[in-house]
There are 2 protein chains.
Amino acid sequence: MHMSYERETSAGYLTNWAARLFARSLERRIGTGSGPMPVFFALQDGSTMTQKELVQVAAVEQPTMANTLNRMERDGLIVRTPDPDDRRSARIALTPLGLERAEAAFRAAVEVNDIATSALRPEERPAFHDMLRRVVSALERDGEPD
Amino acid sequence: MHMSYERETSAGYLTNWAARLFARSLERRIGTGSGPMPVFFALQDGSTMTQKELVQVAAVEQPTMANTLNRMERDGLIVRTPDPDDRRSARIALTPLGLERAEAAFRAAVEVNDIATSALRPEERPAFHDMLRRVVSALERDGEPD
DNA sequence: CTCATGTGCATAGCTTGCTATTGATGTGCA
DNA sequence: TGCACATCAATAGCAAGCTATGCACATGAG
């Protein structure tokens, strides 16, 4: 009972569990998890970004984004074009296939979020998002140098 | 702005982000992330469990737990003893070193959860846990066969 | 007792995360 | 102009997740 008690009142455990279930629901619908989602969202308007910019908008580390982009390139979802202004960089854009997939991804994300938050009353939803954002901010500060 | 807007109102994104930050804060303190935590909690009272039982209490899939246990065994944190009642099974127990680490893990988990939820008002905390649990339940049902 | 079926766990392969390291390029100051 | 330092991205290695598959053992019905 001891562990079970901690599980039910551990925000750490519950967010990990929720995150895993979100990823699973997404995977069931579009065959992929959370990794490419920020890329889809950022580039679905037809714009381009560098890897570094995508790292920032996705709030992941650089090698994570490098690997995600490698997989997306492998699957024909993105193209990388050398950046004319900086030879260390490429500009990343979605392919036509990538744009299709982005649409499907957006629809799936909306659907899964609706299912998840269907368990909340309408007035609870903004509160839930707000609390999550505050938890994120607190934990980000925990990772900063003193 | 489009993606950023989605991010701020996507429970899926926010839980993933929070879960990653929780794991990072834990890793900074005890050198490991969330994987072994349910094992520590389940066995810190000196009891033993089978891998299957640990799969259930941790709410992860069997190969995940197999791999986690392999790592813990490698690091001298657990011992596996063949189950006298079932030759397919071993009973898993924490070593003395494992018990020490479980204590440290528990303290770190409490500290990180306190930091995270310090951003919430006292009356918001049970509500937050409750909402997370409801989100989890809704998503679990999404994964069930029709 | 035999055998069909179920169960527990190992393993393979992949995704999505991270830290650490390295090499190429860019920047700014003396 | 040269050089110290910063920046961008590739790569290595590992953890923690998942699905799929296969083998050994357990179970229950005929």
Side-chain angles (χ1 to χ4, degrees), chain A residues 12-13 15-40 49-56 58-75 77 80-92 139 143, chain B residues 12-13 15-40 49-56 58-75 77 80-92 139 143:
Chain A
Y13 183 85
T15 53
N16 175 277
W17 198 5
R20 287 189 282 122
L21 293 173
F22 268 113
R24 186 186 67 172
S25 286
L26 213 39
E27 171 102 33
R28 275 185 51 225
R29 288 165 168 78
I30 61 171
T32 190
S34 54
M37 300 305 279
V39 181
F40 282 140
M49 281 190 179
T50 62
Q51 185 182 291
K52 177 162 195 294
E53 286 164 335
L54 288 166
V55 162
Q56 286 166 342
V60 299
E61 301 298 328
Q62 176 265 321
T64 307
M65 184 53 71
N67 191 262
T68 299
L69 293 174
N70 285 344
R71 275 183 275 109
M72 291 178 84
E73 190 177 33
R74 177 199 69 193
D75 297 340
L77 304 180
R80 283 164 154 140
T81 307
D83 189 329
D85 298 328
D86 186 338
R87 300 214 294 181
R88 301 170 299 184
S89 266
R91 303 210 67 85
I92 290 121
L139 289 169
Chain B
Y13 183 85
T15 53
N16 174 277
W17 199 4
R20 288 189 281 121
L21 294 173
F22 267 113
R24 186 186 68 173
S25 287
L26 212 42
E27 170 100 34
R28 276 184 51 228
R29 287 166 168 77
I30 61 171
T32 190
S34 53
M37 300 305 278
V39 181
F40 282 140
M49 279 190 179
T50 63
Q51 186 184 290
K52 177 165 196 292
E53 286 163 337
L54 288 166
V55 162
Q56 285 166 343
V60 298
E61 301 297 327
Q62 176 263 322
T64 306
M65 184 54 69
N67 194 261
T68 298
L69 293 176
N70 286 344
R71 274 185 272 103
M72 292 177 84
E73 190 176 33
R74 177 200 70 194
D75 297 338
L77 304 180
R80 283 162 153 140
T81 307
D83 189 329
D85 297 328
D86 186 341
R87 301 214 294 178
R88 300 170 302 183
S89 266
R91 303 209 66 85
I92 289 122
L139 289 169

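Chain A is the first sequence line, chain B the second, and so forth, proteins listed ahead of strands; every chain is numbered from 1.
Between the C1' atom of D:dC25 and the CD atom of B:Q51 lies a distance of 15 Å, rounded to the nearest Å. Atom CD of B:E53 and atom P of C:dG8 are 10 Å apart (whole Å). Rounded to an integer number of Å, the gap from CD1 of A:I92 to P of D:dA9 is 7 Å. Atom CH2 in B:W17 sits about 12 Å away from atom P in C:dC18, given to the nearest Å. Atom-to-atom, CG of A:D85 to P of D:dA9 comes out at 13 Å; the value is rounded to the nearest Å. Between the CG atom of B:L54 and the P atom of D:dG17 there is a distance of 13 Å, given to the nearest Å. For A:D83 and D:dT7, the CG to P distance is 17 Å, given to the nearest whole Å.
Taking each heavy atom of A:T15 and B:A18 in turn, the nearest pair found is CG2-CB, 4.2 Å. Heavy atoms only, all atoms of each residue included: B:S34 and B:P38 are closest at O-CD, 3.4 Å. Across A:V60 and A:V55, no two heavy atoms sit closer than the pair O-CG1, 3.1 Å. Scanning all heavy atoms of the two residues, the minimum distance from A:Y13 to B:A58 falls at OH-O, 2.7 Å.
Using the Watson-Crick or G-U wobble rule with both distances under 3.5 Å, C:dA30 pairs with D:dT1.
Shown for residues 61-69 of chain A: residues whose heavy atoms fall under 4.0 angstrom of DNA chain C, namely A:E61, A:P63, A:T64, A:N67. Within residues 22-36 of chain A, the residues having any heavy atom closer than 4.0 Å to DNA chain C are, in order of number, A:T32, A:G33, A:S34, A:G35, A:P36.
Proximity note for A:R20 (side chain, C-beta onward) versus D:dC18, C:dC18, D:dC8: the nearest is D:dC18. Nearest to the side-chain atoms of A:D86 among the listed nucleotides C:dG26, D:dA9, C:dA10 stands C:dG26. With C:dC9, C:dG26, D:dG17 as the candidates, the nucleotide lying closest to the side chain of A:N16 is D:dG17.
Contacts of A:R29 classified as side chain to side chain contact (heavy atoms under 4.5 Å, CB included), with partners at least two apart in sequence or in another chain: A:S25, A:A108, A:E111, A:V112, A:I115, B:D142. Residues passing the side chain to side chain contact (heavy atoms under 4.5 Å, CB included) test with A:A23: none are found, sequence neighbours excluded. By the side chain to side chain donor-acceptor pair (under 3.5 Å) test, B:T50 is found to be paired with B:E53, residues two or more places apart in sequence or in another chain being considered. Applying the side chain to side chain donor-acceptor pair (under 3.5 Å) rule to B:E73 yields the partners B:R80; only residues at least two apart in sequence or on another chain are considered. Considering only residues two or more places apart in sequence or on other chains, A:D75 meets the side chain to side chain donor-acceptor pair (under 3.5 Å) condition with none of them.
Phosphate proximity of D:dC8 to A:T50: absent, as no side-chain N or O sits under 4.0 Å from OP1 or OP2. Within the structure, a side-chain polar atom (N or O) of A:R74 is placed less than 4.0 Å from OP1 or OP2 of C:dT15. Checking the phosphate oxygens (OP1, OP2) of C:dA24, no side-chain nitrogen or oxygen of A:R87 falls inside 4.0 Å.
Within the structure, side chain to side chain donor-acceptor pair (under 3.5 Å) pairs that include any residue of residues 58-67 of chain B comprise B:N67-B:R71 (at least two apart or interchain).
Side-chain contact annotation: A:N16 with A:R20, donor-acceptor N/O pair under 3.5 Å present.
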Interface polar pairs with nucleotides 5-7 of chain C, N/O, under 3.5 angstrom:
unit_1	atom_1	unit_2	atom_2	d
C:dG6	N2	B:R88	NH1	2.9
C:dT7	O2	B:R88	NH1	2.5

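With A:D83 as the fixed residue, the side chain to side chain donor-acceptor pair (under 3.5 Å) test singles out one of A:R91, A:Q51, A:R88: A:R91.
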